[in-house]
2 protein chains.
Amino acid sequence: MPLPALERLSTYIRCLRQLEEEGTASVSSQDMERHTGVTAAQFRKDLSYFGEFGKRGIGYRVTELRERIARLLNIDEEQQVLLVGAGHLGSALIAYPGWHFYRFRIAAVFDKDPDKIGAAIRNHVVLDMERLEEIAASVGARIGILAVPAWDAQGVADRLVAAGIVGLINFAPTKLRLPPQVSVREVCFICELAILSHLVHHQPEKG
Amino acid sequence: MPLPALERLSTYIRCLRQLEEEGTASVSSQDMERHTGVTAAQFRKDLSYFGEFGKRGIGYRVTELRERIARLLNIDEEQQVLLVGAGHLGSALIAYPGWHFYRFRIAAVFDKDPDKIGAAIRNHVVLDMERLEEIAASVGARIGILAVPAWDAQGVADRLVAAGIVGLINFAPTKLRLPPQVSVREVCFICELAILSHLVHHQPEKG
DNA sequence: TAGATTGTTAATCGATTAACAATC
DNA sequence: TAGATTGTTAATCGATTAACAATC
């Protein structure tokens, strides 16, 4: 299964959720193309890597498809996530409204700054980094989020992996060196801005 | 030029900056492979879409390469950016430490919430959305950042485009419908988490 | 049945990798 | 000159698109 196909599943699920809210019961791949911008053929091909989801001549049941894609992504049951870093980014992540829909739950928030430890951010009390291993073990989290400065990222990542984390979202602008069985997804906002900068600068009209 | 090649330029520039700080004057494509994980052949091929950057038998001058890539990305001169949305995410973006290195500058921050308008976030005073067109025109910004809720995103995007914005970073979980000459880059943190969830769930060991 | 739409196969397209001539 | 390393060409690989048989 191609990684781009997996990456598009999130797009589909977001769209299906919206259709559900609007009360739409059924969609065709053509409809999905209109809603997501992904071509009908691409949509059907993407799904085909995972099984059969529709009925020929009819289309797809919105709710069923949403549920089955959720199961594929393993977001059909609540999943514990560790968040390291309680700075501005960490705080914004805690306030993010989408956790619930995707069935993720912040199991614990860590920081090493004594000024932050013990403070409450929304419904989370910031814990001392020292307790990372202990808490990771007790909640059995497999996914962690790195919202720490670049110079701290590798050290924290190593500790998370040692504590049983096998998937990491890395917001720090640094390349992590981790065992190959650990999956890492980089989120680099400023990189996106730089790419955009090139694209708008080299646009046909207006130079 | 393939889009993936462009996307990797940010990785290279980040690496080159680090090498510069360490005082390294020269790198080979092999060195870059070690530092970034992108293969030497890929690195050379990526650069080849834009010109010649090194010396055969020698390698690349770190500073020169960094500067030339910065010019390719159009981040060699200060660039004004409009930020719409002064919530948690907007605040975290304002606090982001990487703006300066990439020569981006937040020209103005907007929100429509009367409780936020007039408040200071770091060195920015939040402006009324009503003034968006006026300010956009006066600073001549071409890039905007959408840090507003999904239900507001399309409307704000339309206004930004009407005000001369041709590149958008969209943090809202919604597909924007915009004229084709407008470049949009989606940043979807929770999508990354969902992808990661699938990857760790379907890993060889531990299931 | 006729019309619609899927799932899948084959064709196309594009990106990556490998190899090597150019050259420092 | 010999060794190193680029820039580029050709070969491979993988993803997307198009077409269509299956089937609701």
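Just so we're on the same page: letters track the sequence lines, and every chain starts at 1.
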Quiz prompt | Value in whole Å for how far the P atom of dT8(D) lies from NZ of K55(B) | solution = 14 Å

Self-check item: Whole-Å distance separating the CG atom of L3(A) from the P atom of dA15(C)
Solution: 16 Å

Exercise. Among the candidates dT16(C), dT8(C), dT6(D), find the nucleotide nearest to the side-chain atoms of S28(B).
Key: dT6(D)

Quiz prompt | Name of the residue among M129(A), E134(A), E130(A) meeting side-chain contact (heavy atoms from CB on, under 4.5 Å) with L132(A) | solution = M129(A)

Quiz item: Under 6.0 Å between ring centres, would you say that holds for F189(A) and Y102(B)?
Solution: no

Exercise. Would you kindly check whether a donor in the side chain of R44(B) faces an acceptor in the base of dG7(D), or vice versa, at under 3.5 angstrom?
Key: yes

Practice problem: Would you mind telling me which of dA15(C), dT6(D), dT17(D) lies closest to the side-chain atoms of S29(B)? | Solution: dT6(D)

Practice problem: Go through dT17(D), dC24(D), dT8(D) for me and flag the one nearest to the K45(A) side chain. | Solution: dT17(D)

Exercise. Would you tell me if any nitrogen or oxygen in the side chain of Y60(B) comes within less than 4.0 Å of OP1 or OP2 on dG7(D)?
Key: yes

Quiz prompt | Euclidean distance, atom CD of residue Q30(A) to atom P of dG7(C) [Å, nearest integer] | solution = 15 Å

Quiz prompt | V27(B) side chain reached by R34(B) side chain, heavy atoms, under 4.5 Å | solution = no

Quiz item: If you look at every strand shown and take non-hydrogen atoms under 4.0 Å, does F50(B) touch a base, only sugar-phosphate, or nothing?
Solution: nothing

Practice problem: Nearest whole angstrom, please: distance from the P of dT6(D) to the CD of E64(B). | Solution: 13 Å

Quiz item: Atom CD of Q42(A) and atom P of dT6(C): how far apart are they, to the nearest Å?
Solution: 15 Å

Quiz item: Is F43(B) touching bases, backbone alone, or none of the nucleic acid, heavy atoms closer than 4.0 Å?
Solution: nothing

Quiz item: Is it true that D128(B) and R131(B) have a side-chain N and a carboxylate O under 4.0 angstrom from each other?
Solution: no

Exercise. Rounded to the nearest angstrom, tell me the gap between atom CZ in R61(B) and atom P in dT5(D).
Key: 15 Å

Exercise. Provide, to the nearest angstrom, the distance between the CG atom belonging to D46(A) and the C1' atom belonging to dT8(C).
Key: 14 Å

Quiz item: What nucleotide, of dA15(D), dT6(C), dT8(D), holds the atom closest to the side chain of P2(A)?
Solution: dA15(D)

Exercise. Assess the side chains of S26(B) and R61(B): does a donor N or O sit below 3.5 Å from an acceptor N or O?
Key: no

Self-check item: Strand partner of dG3(C), provided both Watson-Crick or wobble distances fall under 3.5 Å
Solution: dC24(D)

Self-check item: Counterpart base for dC13(C), defined by Watson-Crick or G-U wobble contacts under 3.5 Å
Solution: dG14(D)

Quiz prompt | S48(A), nearest nucleotide to its side chain (from dT5(C), dT8(D), dT8(C)) | solution = dT8(C)

Quiz item: Expressed in angstrom and rounded to an integer, what is the separation of M32(A) atom CE from dT5(C) atom C1'?
Solution: 15 Å

Quiz item: Side chains of I13(B) and L9(B): does their closest heavy-atom pair fall under 4.5 Å?
Solution: no

Practice problem: Tell me the partner of dA19(D), counting only Watson-Crick (N1-N3 plus N6-O4 or O6-N4) or G-U wobble (N1-O2 and O6-N3) with both under 3.5 Å; none if nothing fits. | Solution: dT8(C)

Quiz item: In terms of side-chain heavy atoms of R56(A), which of dT17(C), dG7(C), dT23(C) is nearest?
Solution: dG7(C)

Practice problem: Report the residue (M1(A) or G57(A)) whose heavy-atom-nearest nucleotide on DNA chain D is the more 5′ of the two. | Solution: M1(A)

